[in-house]
Amino acid sequence: MKYDFAAIEKKWQANWEKTKPYAAVTGDTSRPKFYGLIEFPYPSGQGLHVGHPRPFTAMDIVTRKKRMEGYNVLFPIGFDAFGLPTENYAIKNHIHPAIVTKKNIENFTAQLKMLGYGFDWDRAVDTTDPNYYKWTQWIFLQLFKKGLAYKTTMPVNWCTSCKCVLANEEVVNGVCERCGSEVVRKEKSQWMLKITQYAQRLIDDLDDLDYIERVKIQQKNWIGRSTGAEVVFKTTAGDDLTVFTTRCDTLFGATYMVMAPEHAYVKKWQDQITNWDEVAAYVDAAAHKSDFERSELSKEKTGVEIKGIRAINPVTGKEIPIFISDYVLVTYGTGAIMAVPAHDQRDWEFAKAFGCEIVEVVKGGDIEKEAFTLKGDEGVMVNSGFLNGMTVKEAIPATKKWLAEQGLGREKVNYKLRDWVFSRQRYWGEPIPLVHCDKCGWVPVPEDQLPLVLPQVESYEPTDDGESPLSKMTDWVNTTCPCCGGSAKRETDTMPQWAGSSWYFLRYMDPHNDKELVSKAAEEYWGPVDWYNGGMEHTTLHLLYSRFWHKFLYDIGVVHTPEPYQKRTSHGMILGEGGEKMSKSRGNVVNPNDIVAQYGADTMRLHIMFIGDFEKAVTWSNEAVKGSKRFLDRCWNLMDNAADDPAISAKNESIIHKTIKKVTADIDDLKMNTAIAALMAMVNEFYANGCTKGDLEQLMLLLSPFAPHMVEEMWELTGYAAKYGKMAMQMPWPTYDEAKTVDAHAEMAVQVNGKLKGTVVVPMDSDQDTVVAAAMELDKVRKAAEGMQVVKTILVKNKLVNLIVKPTK
RNA sequence: GCCGGUGUGGUGGAAUGGUAGACACAGGAGACUUAAAAUCUCCCGGUAGCAAUACCGUACCGGUUCGAGUCCGGUCACCGGCACCA
């Protein structure tokens, strides 16, 4: 009988649709729970990309195995459907984004079902569903009420094409991450979320999590904690100028100061600055540059000295000049620095350009050539008064102590992380549920009025002044203040796409609850997510944002753990033929539909797992898919040849137990490629040795998570479905007997002086004498040892013997 | 520049410090077939050799070790992330 994958897959998908074997049971305490999560897709118009099935299939395999191991598994799916591509498509084609979204979700759903994933479809969520975003809005209101959401005017990244404010994270190399257009700076009033208040906890709590190391490192780098000191400099203007430095030991070398052009003192000191015109011109020029232009490293340092005002170095007592320059960022530290040109390369370059004094305070470099930036403890302090002779390592605390005693500074920790720009001037997002009243200020929409539904508009285009399309809907905008009843206006900005995805994993636990975001019982049962797999591209954005929201929900008692995800793994990208990123323009995009049509979903699943190391990027090859199909055919064809014996055959017992062990361990490590290789090797043995139905039973169980459709059909055809009254996927996961994974004999390598001379087969656990005796039987060994004496023998049990020989004297 | 990662046959890739190249793809030979496809069996890193065999071989240079793809030091190349963060 031929393996008719199309008919088989159709049959079993219909069966699962009806019998719901993947339904998670909230509150079942008879079994341990397991919550496996994949990043829910953005339902784009292009449909599923070949990149999607990689993480989905891997987690599907993990959760299928967990079910067979007796876990109550939650493996949900949903759609992260707000966002720009849909909105842009809607604008272009004059279709409402909700209709586009509905169509795309239907398409994605069909494709995901086609691949046979064991999702609990009854729990599917859609971030654009008012019943869902009601709770996104609710969380925002709680943040607002706790003072973690605030509105501020700030220079923002402005995409000239999308006409939209972008988060720092959405700007890549100075252009918009989505559309590639130029990003410039623009002053705008924005809603912000105080993620910085959680910076330290976001670092500290990583310690107890089972995240792959590179994710932890990348998150820590992104948060960018650095320890240093704030130092107060007196100025002739009367105001103290405070700076942040990690190198307070170099204070004696601070020969000038620099403020960011946006520093508040620039304006404040206007009357005392004698070259105001020059200063104002520089400030104005800086304001118009995009962040990208400002941060181009290759460019020369620019700046202007603020004449008429000087600062006083607190340790030397010397008056030093103050400059403004755009190499100092207003958003980090205090927006001003003390410049130590001898020991900071940027300061050195600036000092060379502006003729500032360069004073060496740490011995060891050649400050004529470049700054000596050593941070270790070898450097010795010079020209530094009471610090002279100390190492850098000693000088830092000594300086801090001195500053504290003098009241001129204190230890300080700074983070690179900035607050999260939370508003978007777009239509297709969650409305921000706030109302502005002239009397009461910003007032939350009462919670019983949530969801604040996104109104229908005529046009989705942002207005020319960059306001949201909602701002044109005066009927909607004009409302009454929930507080005083007076006239008021609604906030017209919407939330960024990151909002809905920051908490979706909680909604899966209790998706139809219309009273709460998630019930206490459901959250306590399912939380936290046991294993979350996703792309490295979400490490610093989505992952950090959702950890922040979860910590906040923990603080207000909505969830019972401080962290949302216990374990995080990450998959590599799938590259097109030729090793290039898949893209429409390159024409190397692979559509999973085509592969499924030609080879079937089980082959697609198997192949995408077999293709290479899950964590690394791999190149897709249409040619190689055949190998995976061939393997499934070989498994299928075993049904014709298997001896009608329900027992595991003696010939195959050892390989079966070894394979169970290997596949069990490999799935837990996401080493699907070697798990499949082991299954292939076992099937090759079955062909060589012949096999029984008992052997085949074990193969079917092991293969079930990888190729669920084919296995259920085989399970039925071989009579096991009738025998056990269960599908293969509902059977217990096979177990192995350690003793049976061990062979009676070992093939050992024989080396002479470390060179391989051959192999010998000896009984398992043979002692040295036995192995050496067997080794000496080999011609090549005898030849190599001729006229030699064995001075040392190294024996690695069951693996290798190495004879160290020397010429006999 | 900083942080992470990677470098192995024609190709994708395997190898707790212990037989490098498992498992596949492509290629070659054979069986079956009128034929092709499919299937089954065997071969398949390089050089020399009829062969047995010998030597070389995991980016490059060096080290540790009885033994290194694996550990250590240095170099080069590529990929990802961050980037004037004081």
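Per chain, numbering begins at 1; letters A, B, ... match sequence-line order.
- For B:rG62, the base adopts the anti conformation, since its glycosidic angle falls more than 90 degrees from zero.
- If you check every strand for non-hydrogen atoms under 4.0 Å, A:T759 touches a base.
- Across every strand in view, B:rA77 sits in a pair with B:rU6 that passes the Watson-Crick or G-U test at under 3.5 angstrom.
- As rounded to whole Å, 17 Å separates atom C1' of B:rA86 from atom OH of A:Y415.
- Under a 4.0 Å N-O distance rule, the pair A:K658/A:E685 does not qualify as a salt bridge.
- Within the 4.0 angstrom heavy-atom criterion, only backbone atoms of the sugar-phosphate kind lie near A:D613; the bases stay farther away.
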Derivation of the side-chain hydrogen bond (donor to acceptor under 3.5 Å, both in side chains) call for A:T399 and A:D249: CA-CA 6 Å; A:T399 313; A:D249 56 300; over 6 Å; no

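- Separation of the P atoms belonging to B:rG10 and B:rA59 is 13 Å when rounded to the nearest angstrom.
- Nucleic acid contact for A:Q345: none, since no nucleic acid atom lies under 4.0 Å from a heavy atom of the residue.
- For the pair A:R630 CZ and B:rA26 C1', the interatomic distance rounds to 10 Å; values are reported in whole Å.
- Taking atom P in both B:rG57 and B:rG62, the straight-line distance is 12 Å, to the nearest Å.
- Listed nucleotides B:rG18, B:rC23, B:rA86 differ in distance to A:M680; the shortest reach to its side chain belongs to B:rC23.
- Atom-to-atom distance recorded for A:Q218:CD and A:E213:CD is 12.0 Å, nearest 0.5 angstrom.
- You'll find that the side chain of A:I337 is closest to B:rA86, out of B:rU19, B:rA26, B:rA86.
- Across all strands shown, A:V328 has heavy atoms under 4.0 Å from base atoms, whether or not it also approaches the sugar-phosphate.
- Map A:I217 and A:A749 each onto its nearest nucleotide of RNA chain B; the residue landing nearer the 5' end is A:I217.
- Remark: the separation of the P atoms in B:rG63 and B:rU41 is 48 Å, to the nearest Å.
- Across all strands shown, B:rC82 forms a Watson-Crick or G-U wobble pair with B:rG1, both key distances being under 3.5 Å.
- Counting only heavy atoms from C-beta on, A:N684 has its side chain closest to B:rC23 among B:rC23, B:rA15, B:rG18.
- Remark: A:N637 is not in phosphate contact with B:rU39, judged by side-chain N or O atoms under 4.0 Å from OP1 or OP2.
- For A:F244, the side-chain atoms get nearest to B:rA86 when compared with the rest of B:rU53, B:rU19, B:rA86.
- Looking at the side chain of A:A677, the nearest of the listed nucleotides B:rA14, B:rC23, B:rU19 is B:rC23.
- Here A:Y332 reaches the OP1 or OP2 of B:rA86: one of its side-chain N or O atoms lies under 4.0 Å away.
- Separating the C1' atom of B:rA24 from that of B:rU33 is a span of 27 Å, rounded to the nearest Å.
- Checked by atom type, the side-chain pair A:T331/A:R418 shows a donor-acceptor distance below 3.5 Å.
- With both ends at atom P, the span from B:rU70 to B:rU58 equals 9 Å, rounded to whole Å.
- Atom OH in A:Y687 sits roughly 9 Å away from atom C1' in B:rC40 (whole-Å rounding).
- The side chain of A:I611 has B:rG12 as its nearest neighbour among B:rG12, B:rU19, B:rG13.
- In this structure B:rU11 sits in a base pair with B:rA24, meeting the Watson-Crick or G-U test at under 3.5 Å.
- A:K301 places its NZ atom 12 Å from the C1' atom of B:rG1, with the value rounded to the nearest Å.
- A:S325 has no side-chain polar atom (N or O) that falls below the 4.0 Å cut-off from OP1 or OP2 of B:rC84.
- Residue A:T674 has its side chain nearest to B:rA14 when only B:rA14, B:rC56, B:rC40 are considered.
- With a 3.5 Å ceiling on both atom-pair distances, the Watson-Crick or G-U wobble partner of B:rU41 is B:rA29.
- Residue-to-nucleotide proximity on RNA chain B shows that, of A:G758 and A:V330, the 5′-proximal contact is made by A:G758.
- Comparing B:rG21 with B:rA14, their C1' atoms are spaced 7 Å from each other, to the whole Å.
- Between the CG atom of A:N802 and the P atom of B:rG18 there is a distance of 13 Å, rounded to whole Å.
- Residues A:E777 and A:R782 are not paired through a salt bridge, judged by the lack of any N-O separation under 4.0 Å between the basic side chain and the carboxylate.
- Within 4.0 Å (heavy atoms only), A:S226 reaches sugar-phosphate atoms of the nucleic acid but no base atom.
- In this structure, A:F372 atom CZ and B:rA86 atom P are separated by 18 Å, rounded to whole Å.
- Within 4.0 Å of A:A617, counting heavy atoms only, lie sugar-phosphate atoms of the nucleic acid but no base atom.
- Comparing the P positions of B:rA83 and B:rA68 gives an interatomic distance of 43 Å, to the nearest angstrom.
- Between the side chain of A:K416 and the base of B:rC82 there is no donor-acceptor pair of N/O atoms closer than 3.5 Å.
- Taking the ring axis of A:F244 as reference, the NZ or CZ atom of A:K412 does not stay both within 45° of it and closer than 6.0 Å to the ring centre.
- In this structure, CG on A:D326 lies 3.5 Å from OH on A:Y282, to the nearest 0.5 angstrom.
- Among the protein residues, A:E537 comes within range of no part of the nucleic acid, since none of its heavy atoms lies under 4.0 Å from any strand.
- Distance A:K757 NZ to B:rA54 P: 6 Å, rounded to the nearest Å.
- Distances shown here put a side-chain N or O of A:K780 below 4.0 Å from the OP1 or OP2 atom of B:rA54.
- Counting heavy-atom neighbours within 6.0 Å of A:K216 NZ, excluding the residue itself, gives a total above 12.
- Residue A:K616 places its side chain closer to B:rU6 than to any other of B:rA86, B:rU6, B:rU19.
- Going from the C1' atom of B:rA20 to that of B:rC44 covers 16 Å, rounded to whole Å.
- Here the side chain of A:F610 is nearest to one of B:rC23, B:rG4, B:rA15, namely B:rC23.
- Taking the side chain of A:L800 as heavy atoms from C-beta on, and the options B:rU41, B:rA86, B:rG18, the nearest nucleotide is B:rG18.
- At the phosphate of B:rA26, OP1 or OP2 sits under 4.0 Å from a side-chain N or O atom of A:K626.
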A:D765 vs A:N798, side-chain hydrogen bond (donor to acceptor under 3.5 Å, both in side chains): CA-CA, chis, key distance, verdict: CA-CA 6 Å; A:D765 298 332; A:N798 301 325; 2.8 Å; yes

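- For A:K658 and B:rC23, the NZ to P distance is 13 Å, given to the nearest whole Å.
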